[in-house]
Amino acid sequence: MVRSAAESTTSLVQSVDWLAIAPPVVVAAVALAVLVADLFVPAAHKPLLGYGAVAGLVAALALLVPLHDGDRSTFCLTTGTRACSYTADHFTLVIQGLVLGGALLTALLSIGDTRKLPAGEFWFLLLSSAAGAALLPAARDLATLVVALEVASLPAFALVGIKRGDRRSSEAALKFFLSSVVATAVMLLGVSFVYAATGTLHLTEIAARLDDVPGQLSTLAQAGVALTLVGFAFKTAAAPFHFWVPDTYVGAPLPIAAYLSVVGKAVGFSGLILVTVVAFPSYADVWGPALAVLAALTMTVGNVAALRQSATRARSAVRLLAWSSVAQAGYLLVPIAAAAYAGDRQIGSTVAYALMYAVVNLGAFAVAALVARTHPGNRIADYRGLYATRPLAALAMGFFLLCLAGLPPGIIGLFAKVTVFSSAVDAGLGWLAVVMAVNVVIALYYYLQWTAALFRGPAEDATEQPVTRRRTPVPLTVAIVLTAVAGIALSGAPQTVLGFAGINLF
């Protein structure tokens, strides 16, 4: 009897694939190192903490290279099944590259913009959130998924409200916190229902057991699936769960708004993809139509609200980018909805679109951060005549906006939209394709209006006089250049991103 127990204990011992988990572990370790170093680094040398954070994110990105085969798993069950809690497949590696690259560009934007913020806490929170964001796409059980989601979200609350004494920042943090807490509570209730119905938390095991749920538990399972999806709808800012987005982006420091628009969105969509395609494929007839309706509603609400932004309103540039991100979330939902009808191969279209969106949206926020240095109000009207004073920045901003609109020379934006449109048509969702086409036309108005303002002459009746022009920090210039070069390269070779649309990432 003793021998049997010993053998049972031995069977539970497993090795850890340290290379597979290295990217999020390295980011978390650098976060702790930066927090400790902050105690000893004098105030004059606090910028070094930012460069340390950048180095840590670069190291984490480099560690994705030896994982390119995408066939590693760890923390697996030893009971005969192949269910694992952490999997570094192709989907994981692509999303980890996206979130770590987004965090790196956010760090570059922040280096010259954190002198009035507590440096140690800022970099620790940013890296901690990035570590959670890198962990989430690799999670293959609901417990790890929820923990990773909260590790990515909780530091973000503090980052939004980190501007001490700023009423707008505090209000934004409170709205973000309350909406996210509600989303987490709803999602945890759904997870508990799913666990009660299936007896497991591993996504692949849930998928197998949902096919054979006893009749008395079927209602519980359906409620669990629905509540879990509602929780992720909050995280992805899908309408009608999007109300926190505009005020949060406006109140947060500009680099953090950029971070939330890209990395925060990637986190929410990664979780949504995992629970729908991997865990709940047998309930595709439930979540497919629901996500299609959410996609149509989200893109419509986002674009209509963006149309209503006044060019002279304070911080209207950031507010328009916020509503634009809501509309883009609608486009990102389309291939996930299509996967319910045409298989998980459609998920590649969401990933391809997300990669394009990440590059150009971070670039737009980088130019917005540059303009905000001389025009703190950051109104759309402040961009009028930008070409006369900063021609390269104006050209970059025009290119980013045209990519978001899907117009040449932003070829990558056009191809990404066509890919998403095709996924809806291939899945038989013709009505959703029509709604998307109408919304793309609506979005052209405000994207082109902003682009045209960049090359007009300065307004003669400008009410806000720009302050003395300051020297642009090198990291901010690097961020603009990197995103512009990446966008141009992708437009020149769109198959680099669109290749994801034609392969099975799982």
| request: For G363 and T483, work out which heavy atoms get closest and say how close. | output: CA-OG1, 3.4 Å
| If you take all heavy atoms of A405 and V440, which pair is closest and at what distance? | O-CG1, 4.2 Å
| Does the side-chain hydrogen bond (donor to acceptor under 3.5 Å, both in side chains) test come out yes or no for S325 and N361, once each step is laid out? | CA-CA 8 Å; S325 75; N361 206 60; over 6 Å; no
Can you check whether [X] reaches [Y] side chain to side chain, under 4.5 Å on heavy atoms?
{"X": "V54", "Y": "P475", "value": "no"}
{"X": "L395", "Y": "F399", "value": "no"}
{"X": "L407", "Y": "L448", "value": "yes"}
{"X": "F269", "Y": "I336", "value": "yes"}
{"X": "R379", "Y": "S310", "value": "no"}
{"X": "L321", "Y": "V318", "value": "no"}

| request: Please work out which of the three classes, parallel, tilted or perpendicular, describes the rings of F176 and W244, given edges at 30° and 60°. | output: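 Taking F176 first and then W244, their aromatic rings lie parallel (interplane angle under 30°).
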| request: Hey, can you tell me if Y249 and F365 have their rings parallel, tilted or perpendicular (30° and 60° cut-offs)? | output: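 Rings of Y249 and F365: perpendicular, as their planes differ by over 60°.
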| said: Check R168 with D247, please: is the shortest side-chain N to carboxylate O separation under 4.0 Å? | reply: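 No, this pair does not count.
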| request: Decide side-chain contact (heavy atoms from CB on, under 4.5 Å) for V485 and V481; before the verdict, give the C-alpha distance in whole Å, the side-chain angles of both, and the deciding distance to 0.1 Å. | output: CA-CA 6 Å; V485 170; V481 170; 4.0 Å; yes
Mind checking the [atom1]-[atom2] spacing from [X] to [Y]? Nearest 0.5 Å is all I need.
{"X": "W323", "Y": "L320", "atom1": "CH2", "atom2": "CG", "answer": "11.0 Å"}
{"X": "S316", "Y": "N378", "atom1": "OG", "atom2": "CG", "answer": "7.5 Å"}
{"X": "F157", "Y": "E150", "atom1": "CZ", "atom2": "CD", "answer": "6.5 Å"}
{"X": "K265", "Y": "Y357", "atom1": "NZ", "atom2": "OH", "answer": "4.5 Å"}

| field | Verdict with reasoning, Y331 to N439, per side-chain hydrogen bond (donor to acceptor under 3.5 Å, both in side chains) | value | CA-CA 10 Å; Y331 303 146; N439 274 277; 5.3 Å; no
| task | Please identify each residue that fulfils side-chain contact (heavy atoms from CB on, under 4.5 Å) with S169, with sequence neighbours left out. | result | K163, D166
